[in-house]
Structure formats: C-alpha cells, structure tokens
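Counting starts at 1 for both ligands and their atoms, in listed order.
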Amino acid sequence: MNQPKQPYTFPDSFTWGVATSSFQIEGATFEDGRGASIWDTFCAKQGTIADASNGEIACDHYHRWSEDLDLIKSLEVNAYRFSIAWPRILPKGFGQVESKGLDFYERLVDGLLERNIDPWVTLYHWDLPQALQDQGGWVSRDVVEHFVDYTRIVCERLGDRVAGWITHNEPWCASVLGYLNGEHAPGIKDNYAHLASSHHLLLSHGKAVPVIREIVGDRPVGITLNLVPSVPASSSEADAEANARFDGFFNRWYLDPLAGRGYPQDMIERYKAENYIDDWSFIQDQDLKEISQPIDFLGINYYSRGIIRSDRVDESENLPVEVIANSNPTDMGWEVYPQGIYDLLTRVHQDYDFKSIYITENGAAYATGPDEHGVVHDQLRESYLHDHLIACHHARQAGVPLDGYFAWSLMDNFEWAFGYEKRFGIVYVDYETQQRIPKQSALWYRNVAKTGEISC
Ligand code: GCO
C-alpha cells in the first residue's frame, strides 16, 4: 500500500501572517485630525475608481480594530502586517503631529502584543499626505527628509514593540502607477516624474533605515518590492531583448540599487538612447550609497509572472509585456503560476545576497461570497495559497532564506483603482453590514499557521 505522502513542514520559527494596508481597510478618513491623502483626492476625481468608491468607510477598521484583532487571533497566525497612514500622524505631511493618530496605532500594536501576535509595520503604503503632493510629492527631493522625520516620530512612539519595520511597500507601484501611467494616485503621467519619484522613494528608504535602527535597536528593518519573474514568449532575439527590458524596468531598477549596485546600466542606457528624460540631476552624489544601506530582510510581494513578447507593448508603461493567463486566471486576470514564486525566490537568492526574505504579500482575488448557509467556499483561493506555499517550501529547500509568509489579505478591502470589486481577503467583508465571515481558505490557512504543515 502506498505510504501517505509526508506533509511539507516549516520550522517553528517561521512567521505566518496576514497583511493589510491603512487606506484599504481603515475608513475614518476625516476622523481624529487625519489630513487628506493623495488617495482621498484621487478617489474624488471622476472616473479614477472602477466603482466610483473611496476609502471613507472601507472596512471601518478604525472603529472595529479590536474585533479585527480578535479575528486575526482566531486565525492562529503569529504576525500581522499593517501600514501606518502618514496623514494620521502628520496631517500636513510635516510640522504639527496629531497625537490621536499615534494613539490609534499604539492601541493596535499593544492589542496585538496582548494577543501574542507580532506587529509588522509598513511605514508607507501609498497614502501620501496631499499637502506634500501639492509641493511635488515624490518628485520633489524635499519629501525625502519629510519621510525621515515621519519615520522618526513613529519609531519614537512605537519603538521596539514592533517586530519588523518595512519602510516602503512596492516603490514600483508608487512610482509607475502613480507618476508614469497615472492609474494610481496622484494620477500623473510623466517620464521624469516616474524616475525621480522612484529615486526619492528609494533614497527615503535608505535615509530612514539608520534612523529606525538608532531608535528601535535590533528589530529587523527592510523594504517590500513587488517583483515579477518573466520569460520571453519565444526564443527570438526580439523577445529576449523585450524580456530583459521588462526585468530591468520592473525588478532590477529597485533590486540593484538596494543591493549596492546602483541603477542597472542597461536601463540607464536605454532611457538615454530614447531621450526618456533630459535631466538626471535628481541622482546626487552619495544617494546610491545611502540607498544601499544594509537591510535585515527583503520583503517580496508575488502574484503572478510575465510572459514577454516584443510585439506586445503596454503603451501606458511603454513596456513590452503580455501575461498569457492560463485556463483559470484570477479575477484580476492574473495567471495562477505557483512555479513563479519559486523561480523568483531562487533568482533573488542567486543574484543578490539578502540575508533574509519574507513573502510580505501573496494571494488571489476571487469574488466568491457566502452560500445560503453563510459559508464561503473559496476553493480556488485555498488551492492558490496551498500551491504557492508548497513552492515556497521548495525554495527553502533550495537554500532560499525565506523566513516568513504573509497572506494578502486578511480581509476583502479597497483594491485601489478597482474599488471594492476585487476581493483578496481570506475573510469575507459584507460592506453593507461590515460583517466579517472567515472563508474556507481562512480555516485552511489557520491550520497551516497552527501546525506549520501543508498537506501534499
Ligand atoms: C499591492 C498592494 C496591495 C494590493 C494587492 C492586490 O501589492 O499592489 O500592496 O495593496 O491590494 O497587491 O493587488
């Protein structure tokens, strides 16, 4: 008789978490002195959000935070990654501090610790104070020092109670979607704004790292990148070239400077050959050294891969890309490709020497709602998480220093330009009643977090 296959096991030290972000779940956008963010402004513009929604209520987490911490506790995870809304701390981005904002996040951190859950904080998950955007936002170098000051204020309040500090979430999204193709706030479409904002995001990270360390001691500090492993669609020279460009645009533009290699030369040469921008003076002496401050971990958000064809250029991003979704794409149209998380993790480990890696986001959007018994049978999401976690296990076996995994997301929430139309949560949110309903995938993930085991 065949022996039952042994489960895949992760060490007791492995971090099992769930993740959210401030603008996507909190609501209370005008409460307790919070200043406007670029996303409040963006949502108010006609046609920017698919369902014409905004973050004014979202999941009402600002008021339901205690029940949500109980919900997280019920999932038996040992960590929770959330982000801090800069406009709650500094309504104008700098100057006057709003203590009610700091109080909220202190309640959150202490509530997590009381429940024996490690708080992981993302300092910037896209909700820039509008007042700073009015002064140029991430295109202006002034924002760098404002981010460092904001970081100092938060660290001085929350200090060493935070288990992991993430400076930025996905600088690629903040710069490309926010300043190149305008799909995200602040909705700018400009090549110079793209590259200057990407630089200032990275520079603000580099300048913030020593400030965090000086205040919080040996708590790990890192940054989260959304990375996309890609392959050429054919063996043609043109597709190989297009794939190299995609990889440089999406991945290496951020990985290389963080790893102390400066910006990828091939991308610089492409941009200069195309006269992409005229003025490169935003990169000043010492900047690249500052950006390459050693970090304790790299956070990686993985969702799917890219299959690159030279004849398919995404005009908005001037980017040759085509994702050939397989038979069952997620509601985002993204291919379900678990092998991609293995390929990505092993590539990053082989090409760079980050001493620790966390998957800070991985998950899938499926609209599955509760049946007549109130049960959410989200089998596709359960399979997605299962298959990607097995690929993560294989990556660890291959020597990748993968030390944790955060499922995106704890609960359905505001999916940026898609509004509330896309549901990534392992917990269902009824936006009419704000009822939370753990989906079947949450019950499956709870068992994984509890046992550290994944069945074959
Ligand atoms: C991101 C953001 C999340 C998204 C999630 C699904 O990675 O884009 O960190 O806020 O909601 O990734 O798109």
Classify the ring geometry of Trp39 against Trp416: parallel below 30°, tilted from 30° to 60°, perpendicular beyond 60°. tilted
For ligand 1, what N or O to protein N or O distances fall under 3.5 Å?
{"unit_1": "ligand 1", "atom_1": "7 (O)", "unit_2": "Glu170", "atom_2": "OE1", "d": "3.0"}
{"unit_1": "ligand 1", "atom_1": "7 (O)", "unit_2": "Glu170", "atom_2": "OE2", "d": "2.2"}
{"unit_1": "ligand 1", "atom_1": "7 (O)", "unit_2": "Glu361", "atom_2": "OE1", "d": "2.8"}
{"unit_1": "ligand 1", "atom_1": "8 (O)", "unit_2": "Glu170", "atom_2": "OE1", "d": "3.1"}
{"unit_1": "ligand 1", "atom_1": "9 (O)", "unit_2": "His125", "atom_2": "NE2", "d": "3.1"}
{"unit_1": "ligand 1", "atom_1": "9 (O)", "unit_2": "Asn169", "atom_2": "ND2", "d": "3.0"}
{"unit_1": "ligand 1", "atom_1": "9 (O)", "unit_2": "Glu361", "atom_2": "OE1", "d": "3.0"}
{"unit_1": "ligand 1", "atom_1": "9 (O)", "unit_2": "Glu361", "atom_2": "OE2", "d": "2.6"}
{"unit_1": "ligand 1", "atom_1": "10 (O)", "unit_2": "Gln24", "atom_2": "OE1", "d": "2.7"}
{"unit_1": "ligand 1", "atom_1": "10 (O)", "unit_2": "Gln24", "atom_2": "NE2", "d": "3.4"}
{"unit_1": "ligand 1", "atom_1": "10 (O)", "unit_2": "His125", "atom_2": "NE2", "d": "3.1"}
{"unit_1": "ligand 1", "atom_1": "10 (O)", "unit_2": "Trp416", "atom_2": "NE1", "d": "2.8"}
{"unit_1": "ligand 1", "atom_1": "11 (O)", "unit_2": "Gln24", "atom_2": "NE2", "d": "2.9"}
{"unit_1": "ligand 1", "atom_1": "11 (O)", "unit_2": "Trp408", "atom_2": "NE1", "d": "3.4"}
{"unit_1": "ligand 1", "atom_1": "11 (O)", "unit_2": "Glu415", "atom_2": "OE1", "d": "2.6"}
{"unit_1": "ligand 1", "atom_1": "12 (O)", "unit_2": "Tyr303", "atom_2": "OH", "d": "2.9"}
{"unit_1": "ligand 1", "atom_1": "12 (O)", "unit_2": "Glu361", "atom_2": "OE1", "d": "3.0"}
{"unit_1": "ligand 1", "atom_1": "13 (O)", "unit_2": "Glu415", "atom_2": "OE2", "d": "2.8"}

Sequence neighbours excluded, which residues qualify as salt bridge (charged side-chain N to carboxylate O under 4.0 Å, His left out) partners of Asp412? Arg423, Lys439
Check ion pair Glu98-Arg34 (N to O, under 4.0 angstrom): no
Any Lys/Arg nitrogen of Arg152 or Asp149 sitting under 4.0 Å from an Asp/Glu carboxylate oxygen of the other? yes
Would you list the atom pairs, donor with acceptor, under 3.5 Å between side chains in residues 442-449 and any protein atom, with sequence neighbours excluded?
{"unit_1": "Tyr445", "atom_1": "OH", "unit_2": "Gly17", "atom_2": "N", "d": "3.4"}
{"unit_1": "Tyr445", "atom_1": "OH", "unit_2": "Gly17", "atom_2": "O", "d": "2.7"}
{"unit_1": "Tyr445", "atom_1": "OH", "unit_2": "Tyr405", "atom_2": "O", "d": "3.4"}

Lys355: partners by salt bridge (charged side-chain N to carboxylate O under 4.0 Å, His left out), with sequence neighbours left out: Asp296
